[in-house]
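For reference, the structure is listed below as structure tokens.
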Amino acid sequence: MKATKRDIRQGLEAIKKVAVDAFEQNDLTRSLKFIRAYVDIAGQFNFEYSDLEMELLLSAIAKKRIKTEAWDAEEGHWLFYDDFCTSYVLGLQWLEALASSGKEILYITTRDLDRKSRHKYIYDSAEQYSNVHCVVVPQGETLRRAQDVYNEIARFKPSKVILHKSPALSVVNFVLPVLPESVKKYIINLSDQTFWYGSQVIDYCLEFRDFGASVSLQRRGLKKEQLLMVPFYPADDGIPFAGFPPECTDDKLIVFSGGDYYKTLDEGRTYWRLVKRLLDTYPQIVFLFATKNIPEGDAEIKRFIADNNFEDRFLYIKFRPDINQVFEHCDIYMGTCPTSGSLMSQLAALHSKPILQYYAPGTPDDETEQAICINTHFPISCYTEEAFLAEADRLIVDLQYRRSQGEQLRKAMMQKEQFNQLALKTIESNQTQINFQEIEINYDDLDKRWYYLEKAGYIHSIPYIYSLLGPKECLKKAPSIFFKKNLKRIINE
């Protein structure tokens with residue numbers, strides 16, 4: 001049986017209760033387990049975007065376990081904390097902007113750095129600047145690592161801490177509550193559409209679009225003066241081109257698409273219908289699709305190919321580290337729907353590739369224009385399938401139009417020098433340099449979109465929550481989940 005929204009909310013409350021109980025019993029290992037589980041589930045469904053009780057629990061653990069010392073912040077010292085340490089997010093952009101300030105910058109990450117792997121680009125960038133110093137926190141138990149992070153921060157004595165953190169539970173979540181009040185804390189709101197920890201212990205939230213700023217204002221408990229708009233630009237990391245499949249011959253038109261697989265899912269299978277329509281109508285197209293490999297998605301994509309005899313025309317290229325070069329060598333980028341991706345759209349613009357984007361009417365987080373149209377404003381997205389197909393036809397048939405649209409996108413987007421100046425002025429002044437427009441968001445529609453992943457079987461909340469709580473705790477704190485998990489056994493008895 002599928003979990004209802006009520007079941008999921010009940011399960012989250014049960015997990016929260018166990019986390020609090022474990023803390024009160026001084027079982028921090030168990031408490032951390034349930035704190036981590038809470039954010040994992042909350043971030044799957046996003047019925048809420050923050051939770052005050054969980055934030056207070058994180059702060060209580062930090063104040064109990066992290067050994068602190070008195071220190072005065074040094075104005076010329078800024079710290080950049082990075083959970084990702086890859087060129088695929090915004091680490092390079094922010095590191096280079098902060099380095100250009102002339103301040104002493106400490107770059108600290110909890111990821112294992114390796115010059116021979118994807119992390120080499122962080123090293124290469126950092127080494128260009130004499131004022132940037134790197135610290136890697138060794139692997140180990142969460143709270144021990146949090147202590148290590150605190151110790152590094154206390155030694156460096158920064159006046160500002162800029163956080164490039166994961167929406168999941170991060171080591172730094174146990175450090176922020178114990179930093180001196182004089183240290184200003186900024187979070188780069190990468191995942192503005194999801195639940196994350198930290199909203200109650202930051203001073204400022206660095207937003208990139210009206211949607212995220214509106215969610216922060218309406219659902220995260222942040223004040224308008226805490227929201228600083230800093231639209232970003234995509235980085236070209238220089239990874240060499242790994243090539244395309246042999247089906248991508250010179251006489252073919254290459255349409256590329258991709259992103260997280262869940263972004264292509266809705267009840268009407270809209271994205272996949274549109275892809276099929278394009279391939280059925282235009283025999284010159286070869287369609288490339290890139291995403292992280294997940295079992296359900298992998299099977300469905302292969303079934304889509306087989307059912308439509310697209311073996312030579314829809315090519316599933318999975319995850320591509322050379323994503324910049326994939327964009328450079330394609331002809332058109334098709335955005336995902338019902339949910340698109342800002343960074344993917346920006347990469348298309350960076351490489352002067354036109355964007356074919358469909359949003360259902362009333363989509364609350366349509367973002368393509370917000371992500372790209374910084375210097376000039378013009379329409380990109382289509383809000384009817386008829387308009388989408390008409391734009392597709394023009395892009396596919398008219399080479400001159402295709403090139404012109406791509407060139408317009410590149411000119412419209414945020415440029416590196418612009419970003420550096422904007423980021424530094426914003427951080428230095430603690431005032432937004434770009435005003436945002438608060439928008440009315442239909443959160444019920446968003447809830448339905450996220451819940452569809454459970455309804456359609458991509459997420460299995462009942463067995464996960466049941467196994468996490470165990471039978472006794474589940475029966476006591478989440479009885480609807482207990483009975484749904486054991487319904488067959490109960491009936492047979």
Side-chain angles (χ1 to χ4, degrees), residues 9 11-69 79 81-84 108-110 137 140-154 161-181 183-192 194-206 215-216 219-223 226 465 468-469 477:
R9 291 181 186 278
L12 283 168
E13 286 301 311
I15 290 167
K16 182 195 302 185
K17 184 68 166 59
V18 174
V20 172
D21 289 347
F23 170 74
E24 291 176 347
Q25 295 162 12
N26 203 34
D27 188 347
L28 296 188
T29 299
R30 181 170 169 80
S31 187
L32 286 176
K33 174 184 175 181
F34 282 85
I35 291 170
R36 186 171 288 109
Y38 187 94
V39 71
D40 289 345
I41 298 171
Q44 289 281 6
F45 295 103
N46 305 299
F47 298 151
E48 304 294 339
Y49 293 86
S50 66
D51 187 285
L52 179 59
E53 292 172 283
M54 294 302 281
E55 295 273 1
L56 291 173
L57 178 58
L58 288 168
S59 293
I61 292 173
K63 291 170 183 176
K64 185 172 186 175
R65 285 294 300 271
I66 304 301
K67 296 177 181 178
T68 63
E69 58 187 82
L79 183 137
Y81 174 92
D82 185 10
D83 267 335
F84 301 96
I108 187 166
T109 181
T110 54
V137 175
E141 186 268 330
T142 299
L143 292 176
R144 184 191 65 76
R145 301 181 82 209
Q147 183 68 60
D148 291 342
V149 171
Y150 175 83
N151 293 344
E152 293 292 346
I153 293 175
V161 172
I162 296 90
L163 304 159
H164 187 233
K165 70 174 289 296
S166 164
L169 183 64
S170 169
V171 169
V172 80
N173 283 121
F174 298 100
V175 178
L176 299 176
V178 296
L179 293 180
E181 289 187 11
V183 177
K184 298 305 177 188
K185 300 172 284 293
Y186 309 74
I187 193 166
I188 301 165
N189 194 4
L190 293 169
S191 303
D192 63 0
T194 65
F195 178 100
W196 44 260
Y197 289 140
S199 60
Q200 303 306 305
V201 289
I202 57 170
D203 296 292
Y204 299 99
C205 194
L206 299 166
V215 170
S216 291
R219 294 296 179 96
R220 296 195 203 276
L222 294 171
K223 299 175 182 177
Q226 292 179 279
I465 295 172
L468 185 70
L469 294 171
K477 295 184 172 69

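Here the closest non-hydrogen pair linking Ala168 and Asn173 is O-OD1, 4.1 Å. Counting all heavy atoms, side chain and backbone alike, Thr110 lies closest to Arg145 at O-NH2, 2.5 Å. Here the shortest heavy-atom pairing between Ser170 and Asp83 reads OG-OD2, 2.8 Å. Pro167 and Thr194 make their closest contact through CB-OG1, 4.0 Å (heavy atoms, listed as atom of the first residue, atom of the second, distance). Nearest heavy-atom pair, Leu12 versus Ala42, reported as atom, atom and distance to 0.1 Å: CD2-N, 3.9 Å. Closest of all the heavy-atom pairs between Ala146 and Val175 is O-CG2, 3.4 Å.
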Determine, step by step, whether Leu169 and Tyr38 satisfy the side-chain contact (heavy atoms from CB on, under 4.5 Å) criterion, reporting the C-alpha distance in whole Å, the side-chain angles of both residues, the deciding distance to 0.1 Å, and the verdict. CA-CA 9 Å; Leu169 183 64; Tyr38 187 94; over 6 Å; no
Residue pair Asp21, Lys477: steps toward the side-chain contact (heavy atoms from CB on, under 4.5 Å) verdict: CA-CA 12 Å; Asp21 289 347; Lys477 295 184 172 69; 4.0 Å; yes
Taking it one step at a time, do Phe47 and Arg9 satisfy side-chain contact (heavy atoms from CB on, under 4.5 Å)? CA-CA 8 Å; Phe47 298 151; Arg9 291 181 186 278; 3.4 Å; yes
For a side-chain contact (heavy atoms from CB on, under 4.5 Å) check, start with the C-alpha distance between Phe174 and Lys64, then their side-chain angles and the critical distance, and finish with the verdict. CA-CA 10 Å; Phe174 298 100; Lys64 185 172 186 175; over 6 Å; no
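Leu468 contributes atom CG, which lies 11.5 Å from atom CZ of Arg36 (distance to the nearest 0.5 angstrom). From Asn151, atom CG reaches atom OG1 of Thr68 across 10.5 Å, with rounding to the nearest 0.5 Å. Once rounded to the nearest 0.5 Å, the distance linking OG1 of Thr142 with CZ of Arg65 reads 10.5 Å. The distance from the NZ atom of Lys185 to the CD1 atom of Ile202 is 9.5 Å, given to the nearest 0.5 Å. Residue Leu52 holds its CG atom at 4.5 Å from CG of Leu56, rounded to the nearest 0.5 Å. To the nearest 0.5 Å, atom CG of residue Leu176 and atom NZ of residue Lys165 are 8.0 Å apart.
Using modelled atom types, no side-chain atom of Glu55 and backbone atom of Ser50 make a donor-acceptor pair closer than 3.5 Å. Side-chain atoms of Gln200 do not come within 3.5 Å of backbone N or O of Asp51 as any donor-acceptor pair. Within the 3.5 Å criterion, the main-chain N or O of Asp82 finds a donor-acceptor partner in the side chain of Thr109.
Here the side chains of Val137 and Val171 are not in contact, with every heavy-atom distance at 4.5 Å or above. Using a 4.5 Å heavy-atom threshold, the side chains of Leu190 and Phe84 count as touching. Side-chain atoms of Asp148 and Arg144, non-hydrogen and from C-beta on, do get closer than 4.5 Å to each other. No side-chain heavy atom of His164 sits less than 4.5 Å from a side-chain heavy atom of Ile162. Side-chain atoms of Val161 and Val172, non-hydrogen and from C-beta on, never get closer than 4.5 Å to each other. Proximity of Val20 to Phe34: side-chain heavy atoms (C-beta onward) are nowhere separated by under 4.5 Å. Using a 4.5 Å heavy-atom cutoff, the side chains of Trp196 and Asn189 are in contact. Contact of the Asp192 side chain with the Val215 side chain is not registered, since no non-hydrogen atoms from C-beta on lie closer than 4.5 Å.
Counting non-hydrogen atoms of other residues, nucleotides and ligands closer than 6.0 Å to CD of Glu181 gives a total of 12 or fewer.
Residues Phe195 and Tyr197 place their aromatic rings such that the two centres sit under 6.0 Å apart.
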